[in-house]
**Q** 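I have a structure I would like to understand better, so I am pasting it below and will then ask my questions one at a time.
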Amino acid sequence: MAEITPQDLFVTDFAVREHRSLWVDAWRRLISSNTARLGLFIVTVFVASATLAHFFWTYDAKTDLDYALKLKPPNLRPTEEISTIHPFGTDKLGRDIFRRTVHGGWNSLRVGLVAVTISLVIGVLLGLLAGFYESMEITQGERVLLQGLVGLSLGGIIAWIGAQWVIALLFGLLGVLSIVFGKFLAGKPVRIALFALGGLLIGGGIGLLGAPMVGLVCGLLGAVLGAILASPLTGTFFSNVVMRAMDIILAFPSYLLAIAIVAFLGPGLEKGMIAIGVVGIPIYARLARSAVLSVAQKEYILAAYSVGEGHDRIIFRHIFPNILSPIIIQATMGLAGAILSAAALGFLGLGAIPPTPEWGAMLGDSYKYLSSGAWWAVLFPGLAIMFSVLGFNLLGDGLRDALDPKLRV
Amino acid sequence: MARYILRRLISVIPTLIGVTFVIFMFQRLIPGDPAVAMLGEHAAPENIARIREQLGLNRPLFLDRDSLVQGDLGGFFDSQYVRYLSRLVKLDLGNSIHRRIPVAETLGLRFPATVELALLSMLIAIFVGIPVGIISAARRNSLIDGVSMMGSLVGVSMPIFWLGLMEIMLFAVILGWLPTGGRLSTGVQIQSITGLYLVDSLLTWNIPGFVDALKHIIMPAIALATIPMAIIARMTRSSMLDVMQEDYIRTATAKGLAERVVLFRHALKNAFLPVITIIGIQAGTLMAGAVLTETIFSWPGIGKWVYDAILGRDYPIVQGGTLLIAIIFVFFNLLVDISYAFLDPRIHYD
Amino acid sequence: MTPLMDLKNLRVRFHTDEGMVKAVNGVSYAMEPGEILGVVGESGCGKSVHALSIMRLIQTPPGKIESGQVIFNDRDLLKLSESEMRHVRGREIAMIFQDPMTSLNPVYTVGFQIVEALKLHKGLDEKAARERAAELLTLVGIPGARQRLDDYPHQFSGGMRQRAMIAMALSCEPQLLIADEPTTALDVTIQAQIVDLVIRLQQELGMAVMWITHDLGVVAEMAYKINVMYAGYIIERGQVRDIYKKTRHPYTIGLLGSLPRIDEPPGTKLVSIPGLPPDLLALPTGCPFYARCTYRVERCLEENPSLEEADGVEHTVACWRWEHIAGRVSS
């Protein structure tokens, strides 16, 4: 053993072990897990093959047709009968299933990314705001904005009835005023009465210009509206409205709603993406909200407050980075879910419009030939779905272990 | 306790109103004229007129603005939305466009088939998923744990319609053991009591009927059960692992209780709450999964009917089926919430 | 007199991703029946781990009892089968834990959790067990015990839960009660009540008590002997008055020095120990306290001292220079 000097001892004793950033640490944990490595490998193969095929392997689905090669089993070398190689066989139109499977990956990837982006961006934003307003006192400026918007949108409904857009603007103004002057008016009942009167005058007065009955209805609605506006609007109100809306979407089993939406919208890959994306919003909203609520109680947020940082800065600099991990994990799992949903839509004939290669649609096209023994037309697209979904799920699982060290023992 | 349950029941009302509203608004998603979309562009004008009349398309959605301006508020009570709601209250879901029969009636007729399939799947999922989850948690990082967790991950990654197809290929086409689809073989009769063939055949002690029904249901039930089974197993495992870290588990062991008692008495009851939630969600999702599974196996339930309606653009059926499944889903979530009150003494009832 | 428990060279390791954590490094001592022993040290010094090892409650993996013996009532607990060990837990050795808020199962009533132990070890029927449980709750000072049996833990306050934990631990009249920082999570006034309660119960029931804490002040009041632990070693052990009056280890001096004393003139500075305990992943070859020690010499760097007698059999210390260190710095 080499000579140890006292100085060495001090170094090993007091210097905290090598400093590593959170992300480097997470990455090390990720690649040290076998399942995560497998997931990463599958995802890489999937993404690479889909992207390369899309850009470098031209395929025109519209002209791809050869009845002579209809429903041929896989062959790995040319035979007298079939001069071309079809490792996955051919489908009912004589199209090469291998080629279509590889190209189908691009569509699945696209659906997954677009759908997850839609749900992620909208959901996280809503959830962040809801959680934030719920956990903290909102400032005067934000209250003016919020109340003004509430007034504007509620006023819009009345304006729509009374056919007067001016009403919408006036109610928006009323909302803003209720906050700005709310403090100066004595007592809550007085304030509510005053603003109800204001609402009655605005709604009724302008409504009367159209018709007497409308004037009456608008006036009554205006009074109610004024009363709502005059009562102090808190952050919980905004949060309640958002989360109630999310609850209604969640009241449907997720992909049933997507199926129903597309059933009415009409088939199409783009419509499918939007439907799957919309249906996924509540998960992210809830995730972000609950993460914010738990983070908001932490001392470091209080500390940020106490040094006078603004709300926007606290949301994006302190809260957002802390809720990033669950969202990354959910997004990875969400990609898997979106690919599965898209395949289900395609299978039901609601996804990609033929002849666009899409895995679900390929299965939907071919499953009737299963009883006549054409197993290859069903096996390979299904395997493609399963492996790509499995890849994202494995990766998500690994990410959870890597990003959430609390869960590890 | 009663107040808590009552509050939960009441809280369902706005959700149900929201659900009916969303389903009502589906109609607005149809591009162009819904009547034309349903019957095709070359349909006879009188047919189109009939559909328009049936759907009430010639009435305002909520409120007719013009008649309002003229002071006529009565129009609201004749609007599409109000008519839709009032029909719903009377359990009238409209008529099928093509077959002109009431949707609610057919839903009622086909409902038992879907319930039988969903129930059996749920039972399979619970009675396989929970034990697998417990064993995996108790023998963490063992071979059993690794295999069952990998298996469950493959399970959730599987498109169920594809799994169904693979089952048909193996057991029906190649091995020929099981029928490819349907609910009963032709010629087999089961006297209907509950509408669930497995139950009915046992009640009437109709063994050949039971065997035939079982042969038909087993493949779709397994296909449908795969995803919930995998999810329940994973949730049970992770929930058990969480609970087993708790101090009170150490207390129980320190008391001298056997591992079995600690696991099943002290850990499981605590670990059960998240599992119950997942079971509730899966029960609803199962109904939705029925659309795909029933299609594959030609199972004469709601799902298959909705699928056919999607293809035929028979929108009232799609709306009715979606509504029924959504209501069941909401109902299951309600059941979960209520079961919490019995399982977790910390829940406040007021 | 044969000791109640004789610990011989207990070593416990934890295998983690970072490496092997040497949590307990050859701990040996004996406890007499009815003795109150204080075990003190900073967090991470191995005091809790060694207690959990006695009960064989270390999670394996990652933890592992590498070697040693725990002779209790003339048999080695570490060699017992799991089912034999279950008869020891709760019946012969009972344990109460740091956080009473989380140590009781939230979904069962307090009564159920006490009755469970009574039925298991005493073979009482439900009715007799409930009767006994109510007596126990009264004994630990919970008013209206019979009604409170059917309360859930969340209906109890923190102090009451710890009392309920003690009632549960005492239910089968153990010969040894291990209290693992039972007052750390409680308010100061409640702390004193719990300490008084345990002292009273010890006198009434005559069991031995091992009181684990980082607070030297608490054990001074109650204990007969004290083990001072550091980095998985016992570095000083002796009767309370010896430890306080004739402190022999620099670390103990530091611990005592960081304790405020009422008899000190106002304005006396509290002494704090500089630095942090060593990394248990990479223990130095020499004395583990070397880096923080103000008395160190060359030899301390190379050789780790083992416990040797100072001032008679009852007082042992692991320091090369104990002869040069005498008494508290202040007195």
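Numbered from 1 within each chain, the chains take letters A, B, ... in sequence-line order.
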**Q** Counting only non-hydrogen atoms closer than 4.5 Å, does B:Leu286 touch chain A with its backbone (N, CA, C, O), its side chain (CB onward), both, or neither?
**A**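 Neither the backbone nor the side chain of B:Leu286 comes within 4.5 Å of chain A.
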**Q** Where does B:Val22 contact chain A at under 4.5 Å (heavy atoms): side chain, backbone, both or neither?
**A** side chain
**Q** Please determine, among A:Ala260, A:Gly391, A:Gly266, the option with the most heavy-atom pairs under 4.5 Å with chain B.
**A** A:Ala260
**Q** Which bit of B:Val156 comes within less than 4.5 Å of chain A, counting heavy atoms only: side chain, backbone, both or neither?
**A**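 Contact with chain A: backbone and side chain both.
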**Q** Examine whether an atom of A:Leu379 lies under 4.5 Å from a heavy atom of chain B, and if so say whether it belongs to the side chain, the backbone or both; otherwise answer neither.
**A**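 Backbone plus side chain of A:Leu379, per the 4.5 Å heavy-atom cut-off to chain B.
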**Q** So, does B:Trp162 use its side chain to make a donor-acceptor pair with the main chain of A:Val378 at under 3.5 Å?
**A** yes
**Q** Among B:Leu165, B:Ile281, B:Ile327, B:Ile17, who wins on heavy-atom pairs under 4.5 Å with chain A?
**A** B:Leu165
**Q** Tell me the closest heavy-atom pair linking A:Leu250 and A:Pro282, and the distance in Å.
**A** CG-CB, 3.5 Å
**Q** Tell me, for A:Leu383 versus chain B, whether the close heavy atoms (under 4.5 Å) come from the side chain, the backbone, both or neither.
**A** both
**Q** Heavy-atom cut-off 4.5 Å, strictly under: side chain, backbone, both or neither for B:Tyr315 against chain A?
**A**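 For B:Tyr315, the contact with chain A is made by backbone and side chain together.
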**Q** With a 4.5 angstrom heavy-atom cut-off, is it the side chain or the backbone of B:Met166 that approaches chain A, or both, or neither?
**A**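 Just the side chain, heavy atoms under 4.5 Å.
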**Q** Check whether A:Ala336 gets within reach of chain B through its side chain, its backbone, both or neither, counting any heavy atom under 4.5 Å.
**A**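 For A:Ala336, no heavy atom lies under 4.5 Å from chain B.
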**Q** Side-chain contact test, heavy atoms from C-beta onward, threshold under 4.5 Å: evaluate it for B:Thr114 versus B:Ile325 and give yes or no.
**A**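 The answer is no, as the side chains (C-beta and beyond) never meet within the 4.5 Å cut-off.
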**Q** Can any side-chain N or O of B:Ser11 pair as donor or acceptor with the backbone N or O of B:Arg8 at less than 3.5 Å?
**A** yes
**Q** Checking A:Ser366 side chain against A:Leu363 main chain: does a donor-acceptor pair fall under 3.5 Å?
**A** no
**Q** Going through the distances and angles, do A:Phe252 and B:Phe329 end up as a ring pair (Phe, Tyr, Trp, His ring centres under 6.0 Å)?
**A** CA-CA 7 Å; A:Phe252 294 89; B:Phe329 192 46; 8.6 Å; no
**Q** Under 4.5 Å from any heavy atom of chain A, what part of B:Met287 do you find: side chain, backbone, both or neither?
**A**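 Looking at B:Met287, nothing touches chain A.
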**Q** Checking B:Ser239 side chain against B:Ala271 main chain: does a donor-acceptor pair fall under 3.5 Å?
**A** yes
**Q** For A:Leu345, is it the side chain, the backbone, both, or neither that has a heavy atom closer than 4.5 Å to a heavy atom of chain B?
**A** neither
**Q** Could you look at B:Thr180 and say if it's the side chain, the backbone, both or neither that has a heavy atom under 4.5 Å from chain A?
**A**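 No part of it gets close to chain A.
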**Q** Ring-plane angle category for A:Phe392 and A:Phe46, please: parallel below 30°, perpendicular beyond 60°, tilted otherwise.
**A** perpendicular
**Q** Only pairs of heavy atoms separated by less than 4.5 Å count here; which of A:Thr35, A:Asp397, A:Asp247 has the most with chain B?
**A** A:Asp397
**Q** Working to the nearest 0.5 Å, report the span between OG of A:Ser108 and CG of A:Leu269.
**A** 8.5 Å
